[in-house]
Amino acid sequence: MIDIKAFRENPERFIRGASDKGITIDFARLRALDDERRSILTALEARRASQNQLGKETGLRIGKLKGQLKAAAAEARGAIEVELAALEAAPLKLKAEVTVLEAELANVEPAWHALLMTVPQPPAHDVPKGAGSEQNVEIRRWNPAGFDPSRPFKTNRGFAPKSHQELVKALGLVDFERGVKMSGTRHYVLSGMGMRLHQAVLRYALDFMADRRGFRPMGVPVIVREECMVGTGFFPAGREQAYHIEELRRGGGHDIFLTGTGEVGLMGIHANEVIPHESLPLKYVTSSTCFRREAGAAGKDTAGLYRIHQFDKVEQVVVCRADDAESRRWHATMLESVEMVLQSLELPYRLLQCCTGDLGVKNEDMIDVECWMPGRGENGEYGETHSASRLGDFQCRRLNLRYKDEHGKMQFAYALNNTVIASPRILIPLLEIHQNEDGSVSVPEPLRTHLGGVEKIEASR
RNA sequence: GGAGAGGUGUCCGAGUGGUUGAAGGAGCUAGUCUCGAAAACUAGUAGCGGGCUUGUCCUGCUCGUGAGUUCGAAUCUCACCCUCUCCGCCA
């Protein structure tokens, strides 16, 4: 959520931001609703102030008279009733006015709030302008020794590559047919070394972040209330993307939603809290199952492990002071972690600075990491495996996650998040890059301890 | 799932219709005292919002949430959410 005060002071910034992101918002309406809301509020509060004052001046007297009225003899009642009517006239008039104003406010406020919640965080000043992912800017790429994606796989390795679909089938790692039988399209069963490899990758990434990067490992809910989804900025824009469990309809207290990323659980932890500034930054990592409906992606990446409804992801978040330079430093540090993991797994990758048009509602700066997938497209393609976002105070403002700075001032914290590893998607480059001519797949060194020392996955296992 | 108890400020806790944003205590901050500390004493100690005359200014809201009764609600009514205890069931 943006700061409505900042919008009043400098609406241009938000209008330009939304336009750069390619998001259409009726800003004129927002301004009109905001003005209307404030003018109603002013009028309403003036009445309330009068009510409070009258309550102090005549309230007690009214109470006493009402008490007397009950006990009074018939002939004394007339006088009391006259005085009561006189005393009550002013408060009753105010009450009527307040009722009208409250109704007006109830008419305006929900629309004002709903619209405000859809205004996107403006992109950072140095994010390149662009309409969509085609205009993302490559920052750098890295290749392991002996493999250069700019040359054909065959030139690199001396044989034609198999796609990951072929590999997992031949090696018995994934059973798509039975996954679909049980749960429908985009579902799968991990099997044998497929499951072990999946778990190894996750465990390696989590341990790496905890042991080598000082992040606190957390286990968080993946079924959450709507407030968590709204607070983290996934709703309302991404409502269609989330599985929705309608508990209300079957008599439960409230509906729940399956989270599409561990970010929701990690950021929700401190919602509505005030963090002592000494405990910042918070550095959390989690491994969680992620659920995505993939609404609107029909027909896209339908085969294989690329786009699926359920997967697991090790996710890192940082909650830091409201300081742009600090948030940029953490962004770099988090990306460094990702690069260390990918390099240790010997996977070729590149970093892309996303342009304004490729940013979501909530981020002001995003860098995607793409791994080389030899079996993707005609002759291999880079495919997105990671995404690192800086959110400014957008998310913490929605979550009401604040800290008191050293001057005792309340501040909304800044938030960042970044994939450490997402599997099974990461298995695509992992299997395809490390495949051998005989159809086996070599296991990168860091994963072996998590696979009982296995160095090579072969069909027989 | 059944039965019961309860949700008040940073924390504990009082408060069952009237000036209560809220007694009392703890904690925290500052001061006095002290060579220093402790103790004691004194004072201070919420958040969010609106206004303009932007001020050591005025003002509204907040006692789980929402609606209602009332001139007036932390206090009464209704619905909901949450927590805890016991029983049942269970990975």
Side-chain angles (χ1 to χ4, degrees), chain A residues 1-9 31 33-70 80-110 112-113 116-117 219 221-231 245-257 268-279 289 393 396-413:
Chain A
M1 176 170 58
I2 63 154
D3 182 358
I4 187 69
K5 283 188 207 158
F7 172 73
R8 284 174 199 147
E9 278 163 28
R31 232 193 287 206
L33 286 170
D34 188 47
D35 287 345
E36 201 181 346
R37 174 176 170 271
R38 279 197 291 170
S39 81
I40 296 170
L41 227 43
T42 305
L44 182 62
E45 284 174 9
R47 303 300 189 288
R48 289 228 173 101
S50 305
Q51 278 186 318
N52 289 341
Q53 206 188 336
L54 272 173
K56 287 177 190 173
E57 287 166 6
T58 60
L60 273 175
R61 178 73 186 146
I62 293 174
K64 263 182 205 145
L65 286 174
K66 284 200 169 169
Q68 285 172 18
L69 192 60
K70 277 180 203 155
I80 294 173
E81 274 167 1
V82 168
E83 190 183 350
L84 251 183
L87 283 173
E88 282 190 338
L92 282 172
K93 178 165 172 281
L94 278 172
K95 198 185 181 184
E97 289 171 1
V98 162
T99 305
V100 170
L101 286 166
E102 277 176 346
E104 284 177 26
L105 191 63
N107 205 26
V108 169
E109 190 138 50
W112 170 83
H113 188 252
L116 180 62
M117 290 302 270
V222 296
I223 44 182
V224 300
R225 302 162 164 274
E226 185 161 9
E227 293 94 283
C228 285
M229 300 301 279
V230 174
I245 302 174
E246 297 185 292
E247 282 296 289
L248 221 44
R249 270 175 54 172
R250 58 188 329 215
H254 55 91
D255 283 2
I256 48 187
F257 297 84
I269 293 174
H270 296 290
N272 295 313
E273 288 185 19
V274 178
I275 315 273
H277 69 267
E278 309 87 47
S279 20
T289 304
D393 68 359
C396 291
R397 192 176 284 281
R398 284 183 172 235
L399 286 165
N400 194 28
L401 195 170
R402 296 171 297 171
Y403 69 94
K404 227 174 207 169
D405 67 18
E406 51 277 73
H407 309 296
K409 199 176 166 231
M410 284 289 190
Q411 304 273 8
F412 289 106

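Every chain is numbered from 1, with letters handed out A, B, ... down the list of sequences. Nothing here was measured: the structure is a model prediction, and the numbers come from that model.
We find that A:E102 and A:R47 are not joined by a salt bridge, their nearest charged nitrogen and carboxylate oxygen being 4.0 Å or further apart. Taking a cutoff of 4.0 Å between a charged side-chain nitrogen and a carboxylate oxygen, A:K93 and A:E97 qualify as a salt bridge. In summary, A:R31 and A:D34 do not engage in a salt bridge, as defined by a charged side-chain N under 4.0 Å from a carboxylate O.
Between A:E226 and A:D255 the shortest side-chain heavy-atom distance does not fall below 4.5 Å. Counting heavy atoms from C-beta outward, A:K95 and A:V98 have side chains that stay 4.5 Å or more apart. Using a 4.5 Å heavy-atom cutoff, the side chains of A:I4 and A:W112 are in contact. Proximity of A:E273 to A:L401: side-chain heavy atoms (C-beta onward) are nowhere separated by under 4.5 Å. Within the 4.5 Å cutoff, no side-chain heavy atoms of A:E104 are placed close to those of A:V108.
Taking all atoms of both residues into account, the shortest heavy-atom contact from A:G231 to A:L399 is O-CG, 3.3 Å.
For the P atoms, the distance from B:A23 to B:A46 is 11 Å, rounded to whole Å. Distance check on atom C1': B:G21 versus B:G49 gives 16 Å, rounded to whole Å. Spacing of P atoms, B:G72 relative to B:C80, comes out at 27 Å, to the nearest Å. Comparing B:U19 with B:A74, their P atoms sit 11 Å apart, to the nearest whole Å. Remark: the separation of the C1' atoms in B:U62 and B:G9 is 11 Å, to the nearest Å. Atom name C1', nucleotides B:U42 and B:C33: the rounded distance is 11 Å, in whole Å. Between B:G64 and B:G13, the distance separating the two P atoms is 15 Å to the nearest Å. Distance noted for atom C1' between B:U54 and B:U59: 15 Å (whole Å).
Across all strands shown, B:G31 is found opposite B:C41 as a Watson-Crick or G-U wobble partner, with both distances under 3.5 Å. Base pairing annotation: B:U70 forms no Watson-Crick or G-U wobble pair, as no partner gives both donor-acceptor distances under 3.5 Å. With both pairing distances under 3.5 Å, B:U19 is matched to nothing as a Watson-Crick or G-U wobble pair. Pair check for B:G60 finds B:C48; Watson-Crick or G-U wobble, both atom distances under 3.5 Å. For B:G1, the paired base is B:C87 (Watson-Crick or G-U wobble, both distances below 3.5 Å). Under the Watson-Crick and G-U wobble criteria, each requiring two contacts below 3.5 Å, nucleotide B:U54 is left unpaired. Remark: B:G36 base-pairs with no nucleotide in the shown strands. Criterion, Watson-Crick or G-U wobble with two distances under 3.5 Å. In this entry B:A26 has B:U10 as its Watson-Crick or G-U wobble partner, both defining distances falling under 3.5 Å.
Residue A:K93 is out of contact with every strand shown, counting any heavy-atom pair closer than 4.0 Å. Counting any heavy atom pair closer than 4.0 Å across all strands shown, A:R8 reaches sugar-phosphate atoms only and no base atom.
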Problem - Working for side-chain contact (heavy atoms from CB on, under 4.5 Å), residues A:M229 and A:V224 - result: CA-CA 8 Å; A:M229 300 301 279; A:V224 300; 3.8 Å; yes
Practice task
Assess whether side-chain contact (heavy atoms from CB on, under 4.5 Å) is satisfied between A:E227 and A:H254, documenting all intermediate values.
Solution key: CA-CA 11 Å; A:E227 293 94 283; A:H254 55 91; over 6 Å; no
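Per the geometry, CD belonging to A:E226 stands 15 Å off C1' belonging to B:U65, to the nearest Å. A:L105 places its CG atom 11 Å from the P atom of B:A67, with the value rounded to the nearest Å. The nearest whole Å value for the distance from the CG atom in A:N272 to the C1' atom in B:G64 is 12 Å. The separation between A:N400 atom CG and B:G49 atom P is 10 Å, rounded to whole Å. Distance, A:E227 CD to B:G64 P: 18 Å, rounded to whole Å. In this structure, the CD atom of A:E247 is 11 Å from the P atom of B:C82, given to the nearest Å. One can place CD of A:E102 at 18 Å from P of B:G50, the figure rounded to the nearest angstrom.
A donor-acceptor distance shorter than 3.5 angstrom exists from the side chain of A:R398 to the backbone of A:M117, with no hydrogens or angles considered.
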Problem - B/S/- contact track for nucleotides 55-63 of chain B, protein heavy atom under 4.0 Å - result: ----SSS--
Expected rows: protein N/O vs nucleotides 70-75 of chain B N/O, under 3.5 Å:
from  : atom 1 : to    : atom 2 : distance (Å)
B:C71 : OP1    : A:K66 : NZ     : 3.4
B:G72 : OP2    : A:K95 : NZ     : 3.4

Protein N or O to nucleotides 78-81 of chain B N or O, pairs below 3.5 Å:
from  : atom 1 : to     : atom 2 : distance (Å)
B:C81 : OP1    : A:G253 : N      : 3.2
B:C81 : OP1    : A:G253 : O      : 3.3
B:C81 : O3'    : A:R225 : NH2    : 3.2

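Rounding to the nearest 0.5 Å places CZ of A:R38 at 15.5 Å from CG of A:L44.
Comparing A:R38 and A:R402, the nucleotide of RNA chain B nearest to each residue sits closer to the 5' end for A:R402.
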